[in-house]
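The residues of the chain are indexed from 1 along the displayed sequence.
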Amino acid sequence: MRVDAQRNLEHVLRAAREVFGELGYGAPMEDVARRARVGVGTVYRRFPSKDVLVRRIAEEETARLTDQARTALGQEDEPWSALSRFLRTSVASGAGRLLPPQVLRVGVSDDGDGGVAAAGDPRVPQQRIQPGTGELRLVPEESATAGASAGATAGMSAAGASADGPVSLAGDDGAAALLEVVGRLVERARTAGELRPDVSVSDVLLVIATAAPSLPDPAQQAAASARLLDILLEGLRSRPV
């Protein structure tokens, strides 16, 4: 690849991460081109459809989160410290806001109130939807596309990353690897009695996909994000009876 072509590709990928992180995967390709300061034709030459670009970003960010989770597992002996480190690192990197919406699908309770049901099983989800479990699961692309903008992606919307159009799931292998390693973090913390028993893998990923409102001052933004994460961490932690 020529130097200028490589530079344009890097600009497009960086712009896509920023735009999708701020506006969600429903943001148009024109916004990505404008942020990258290239023509929209340049974007389409590298990525023939928006779905191809979304998949590239989602796969890269899923892999980044998996590496962060593995690092936390390998370098922290205390279960709560490992889980907390993963959450803080992931929120700081912004990778959680770029997870494909389908990875954040959670079961909705069967009583019709639209609430998310509790889950007690942190294992890697299966590819079969099991309503009422509240646990994450990988879903086939055709069904995921149909439901990408449903209420099950509310956590992604809170992060400014809702899906308005067809968005393919990141590679199943990459998503499964992320769910498996985060499941280990959750299981360790739960077994140690430091995590609420009703907290699932889905809850943890929803936390890292949630962002504080954008503020004009970077210091205030950092403080707001840190404060929000502190509150969410306290909500995950078990308390003596």
- Message: Quick one, Arg184 and Leu73 - any side-chain contact, counting heavy atoms below 4.5 Å?
- Response: yes

- Close side-chain approach of Leu53 to Tyr25, heavy-atom, < 4.5 Å: no

- Message: To the nearest 0.5 Å, what is the distance between CD on Glu61 and CG on Leu178?
- Response: 11.5 Å

- Distance, nearest 0.5 Å, that separates CG of Asp67 from OG1 of Thr89: 12.0 Å

- State the CZ-CG distance between Phe47 and Leu9, to the nearest 0.5 angstrom. 5.0 Å

- Task: Considering only NZ, NE, NH1 and NH2 on the basic side and carboxylate oxygens on the acidic side, decide whether Arg88 and Asp230 come within less than 4.0 Å.
- Result: yes

- Item | Presence of salt bridge, Arg14 and Glu10, under 4.0 angstrom | no

- Message: Taking side-chain hydrogen bond (donor to acceptor under 3.5 Å, both in side chains) as the criterion, tell me which of Gln68, Arg97, Arg64, Arg85 meets it with Ser90.
- Response: Gln68

- Task: Assess whether atom CG of Asp217 is packed by more than 12 heavy atoms of other residues, nucleotides or ligands within 6.0 Å.
- Result: yes

- So, for Gly174 and Thr66, which heavy atoms are closest and what is the spacing to 0.1 Å? O-OG1, 4.2 Å

- Query: Listed by chain and number, what are the side-chain contact (heavy atoms from CB on, under 4.5 Å) partners of Ala189, not counting sequence neighbours?
  - Reply: Pro79, Leu83, Leu195

- Query: At their closest point, which heavy atom of Ala69 faces which heavy atom of Val182, and how far apart are they?
  - Reply: CB-CG2, 4.3 Å

- Heavy atoms, side chains only, cut-off 4.5 Å: are Val207 and Leu87 in contact? yes

- Task: Starting at CD1 of Ile231, measure out to CG of Leu236 and round the result to the nearest 0.5 Å.
- Result: 12.5 Å

- Message: Looking at every heavy atom in both Lys50 and Phe20, which two are closest together, and how far apart are they?
- Response: CE-CE2, 4.3 Å

- Transitively linked via ILVMFWY side-chain contacts under 4.5 Å: Leu98 with Val52? yes

- Message: I need the Phe86 CZ to Leu65 CG distance, nearest 0.5 Å.
- Response: 5.0 Å

- Query: Looking just at side-chain N and O atoms, do Thr191 and Arg188 make a donor-acceptor pair shorter than 3.5 Å?
  - Reply: no

